[in-house]
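Here's the structure, in structure tokens; my notes come after.
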Amino acid sequence: MSASASLPPGDEKQEAVPVRHCKGANDLDKVVLREVRGSSAEVYLYGGHVTSWRDEHGDELLFVSNKAIFKPPKAIRGGIPICFPQFSNFGNLEQHGFARNRTWTIDTDPPPFPVPTSNTAYVDLILKPTDEDLKIWPHNFEYRLRVALSPGGDLMLTSRIRNTNADGKAFSFTFAYHTYFKISDISEVRVEGLETLDYLDNLQDRARFTEQGDAIVFESELDRIYLGTPSKIAIIDHEKKRTFVVRKGGLPDAVVWNPWDKKAKAMSDFGDDEYKRMVCVEAAAIEKPITLKAGEEWTGKLELSAVPSSYYSGQLDPDRVIQDSSVPEDSIS
């Protein structure tokens with residue numbers, strides 16, 4: 001259905017419409033967002049899952065495995081899976097909760113956003129629990145997700161989760177935007193902004209350590225939950241001379257993950273060598289679960305941008321990367 005989805009990247013600008021509903025892999029419904037300068041994003045209703053984010057040149061910025069299975073109930077491997085109401089196995093639910101395994105619907109009448117947006121390339125989705133969900137997690141909620149592209153090509157995700165329990169009971173949850181970034185080579189990447197922070201090492205039974213390096217580099221499997229993180233984190237890809245800037249609000253933690261070769265081979269929906277071309281840096285709320293009383297709403301924001309960077313990370317102004325986030329902090333209202 002989407003003619004623009006099949007056009008070469010350079011030809012998309014003339015026929016771009018901001019929001020297009022079409023079919024994706026295995027006939028699953030998806031929404032294609034396109035900004036006038038040429039940047040784009042794709043969101044599958046299955047999982048409320050962003051699977052593509054391209055810059056104005058048509059270069060893909062998110063990693064999706066060539067072996068990803070676009071078939072429910074399997075979660076899509078790559079892009080930005082949403083981990084809710086549970087991150088990993090921090091609870092009794094299936095790994096990473098169930099939001100990424102459910103089909104969301106278009107929210108045709110969302111409540112007004114606190115900050116009006118001038119963007120036209122956005123979509124609002126909503127997820128409510130099914131009877132089956134309530135059996136495994138007995139809490140009523142409304143989860144509203146807005147995915148938007150800024151005129152400059154930044155990708156913005158805003159989650160608003162409201163406790164709609166009629167019995168007045170509170171509930172708690174953990175959360176992550178499990179973002180897979182596409183990179184040139186994992187050996188050429190460093191993550192800055194998490195130095196000196198404490199982290200839980202998932203490879204050592206979540207033992208707590210303090211980061212000693214001036215940046216995170218990758219030489220083997222790495223799976224850590226950094227705590228009390230700044231509102232900006234930088235992922236520097238030396239070979240691409242590109243820096244991803246992660247801005248976040250309401251999400252104090254940050255997960256950094258690369259499976260490396262052994263774990264990559266063990267995953268059926270992940271290529272043996274694909275670990276070299278991806279890194280996950282995930283805005284999250286894990287160590288201290290979010291608690292909502294009946295009627296309360298929590299907001300968690302993620303804003304991703306890709307900017308040219310110097311080959312030498314020392315020339316990247318750390319104050320500009322790490323400080324002064326433009327994404328407001330969390331709100332429970």
Side-chain angles (χ1 to χ4, degrees), residues 63 65 75 77-78 80-100 172-183 185-237 244 246 248 250-291 300 302 313 322:
F63 167 88
S65 173
R77 174 70 68 184
I80 310 180
I82 288 174
C83 304
F84 171 84
Q86 175 184 300
F87 175 78
S88 184
N89 59 353
F90 281 76
N92 301 319
L93 298 175
E94 61 190 289
Q95 173 90 353
H96 290 325
F98 51 74
R100 63 184 189 147
S172 298
F173 61 90
T174 50
F175 179 95
Y177 292 113
H178 196 317
T179 310
Y180 289 72
F181 292 94
K182 185 177 181 180
I183 54 172
D185 190 293
I186 190 64
S187 64
E188 296 287 336
V189 165
R190 55 192 280 137
V191 178
E192 295 188 355
L194 303 175
E195 47 277 3
T196 76
L197 297 180
D198 283 1
Y199 64 86
L200 308 179
D201 193 331
N202 287 321
L203 304 180
Q204 299 188 57
D205 295 323
R206 298 196 173 119
R208 191 173 183 128
F209 298 94
T210 300
E211 179 57 54
Q212 302 295 330
D214 60 356
I216 299 167
V217 294
F218 300 85
E219 298 169 340
S220 60
E221 182 184 357
L222 191 141
D223 189 355
R224 298 173 181 172
I225 303 168
Y226 285 83
L227 310 173
T229 60
S231 54
K232 279 191 187 181
I233 301 166
I235 305 158
I236 299 156
D237 188 334
F244 292 108
V246 178
K248 57 192 181 62
L251 298 161
D253 303 324
V255 181
V256 181
W257 178 61
N258 184 284
W260 220 250
D261 55 348
K262 196 172 180 181
K263 193 159 283 184
K265 289 185 173 75
M267 292 188 283
S268 60
D269 60 347
F270 193 91
D272 290 356
D273 292 325
E274 286 187 325
Y275 73 92
K276 297 175 182 176
R277 299 189 296 280
M278 56 70 65
V279 65
C280 285
V281 177
E282 313 166 29
I286 300 168
E287 186 193 27
K288 297 174 183 173
I290 305 294
T291 298
L302 176 67
S313 64
I322 308 301

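Note: His96 NE2 to Thr174 OG1 = 10.0 Å, rounded to the nearest 0.5 Å. Atom CD1 of Ile225 is separated from atom CG of Asp198 by 12.5 Å, given to the nearest 0.5 angstrom. The distance from atom OG1 of Thr196 to atom CG of Asp214, rounded to the nearest 0.5 Å, is 11.0 Å. The distance from the CD1 atom of Ile216 to the CD1 atom of Ile236 is 11.0 Å, given to the nearest 0.5 Å. Note that CG of Asp185 and CZ of Arg277 are 9.5 Å apart. Values are rounded to the nearest 0.5 Å.
A distance-only check finds no donor-acceptor pair linking the side chain of His178 to the backbone of Ile80 [under 3.5 Å]. When atom types are taken as modelled, the side chain of Asp201 and the backbone of Leu203 share a donor-acceptor pair closer than 3.5 angstrom. Between the Asp253 side chain and the Ile286 main chain, a donor and an acceptor come within less than 3.5 Å of each other. Of the possible donor and acceptor atoms, none in the side chain of Lys276 sits under 3.5 Å from a partner among the backbone N and O of Ile183. A donor-acceptor pair is defined here as one N or O able to donate and one able to accept, closer than 3.5 Å; such a pair exists between the side chain of Tyr177 and the backbone of Gly300. Using modelled atom types, one side-chain atom of Asn258 and one backbone atom of Met278 make a donor-acceptor pair closer than 3.5 Å. The closest donor-acceptor contact from the side chain of Gln86 to the backbone of Ser88 lies under 3.5 Å. Judged purely by atom type and a 3.5 angstrom limit, Thr229 uses its side chain to pair as donor or acceptor with the backbone of Pro252.
Residue Tyr226 is tested with Glu195, Glu211, Glu282 for a side-chain hydrogen bond (donor to acceptor under 3.5 Å, both in side chains); the sole match is Glu211.
Nearest heavy-atom pair across Arg100 and Gln95 is NH2-O, 3.2 Å. Scanning all heavy atoms of the two residues, the minimum distance from Val256 to Leu222 falls at O-CD2, 3.5 Å. Contact detail for Tyr275 and Ala264: the closest heavy-atom pair is CD2-CB, 4.1 Å. Nearest heavy-atom pair across Leu251 and Ala285 is CD2-N, 3.9 Å. A pairwise comparison of heavy atoms in Leu197 and Pro230 identifies CD1-CD, 3.9 Å as the closest pair. Smallest separation of non-hydrogen atoms from Phe218 and Val189: CD1-O, 3.9 Å.
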Residue pair Val246, Leu302: steps toward the side-chain contact (heavy atoms from CB on, under 4.5 Å) verdict: CA-CA 7 Å; Val246 178; Leu302 176 67; 3.7 Å; yes
side-chain contact (heavy atoms from CB on, under 4.5 Å) between Trp257 and Tyr180, intermediate numbers included: CA-CA 9 Å; Trp257 178 61; Tyr180 289 72; 3.7 Å; yes
Derivation and outcome, side-chain contact (heavy atoms from CB on, under 4.5 Å), residues Lys263 and Phe270: CA-CA 9 Å; Lys263 193 159 283 184; Phe270 193 91; over 6 Å; no
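A 4.5 Å side-chain heavy-atom check between Met267 and Pro259 finds at least one atom pair inside the cut-off. Counting heavy atoms from C-beta outward, Cys280 and Val255 have side chains that stay 4.5 Å or more apart. Side-chain contact check for Phe175 versus Pro289: every heavy-atom pair is 4.5 Å or farther apart. Side-chain atoms of Phe63 and Glu274, non-hydrogen and from C-beta on, do get closer than 4.5 Å to each other.
Within a 6.0 Å sphere centred on NZ of Lys265, other residues, nucleotides and ligands contribute more than 12 heavy atoms.
Classification of Arg208 and Glu287 as a salt-bridged pair holds, one side-chain N sitting under 4.0 Å from a carboxylate O.
Note: Phe244 and Phe181 have tilted aromatic rings, judged against thresholds of 30 and 60 degrees for the angle between ring planes.
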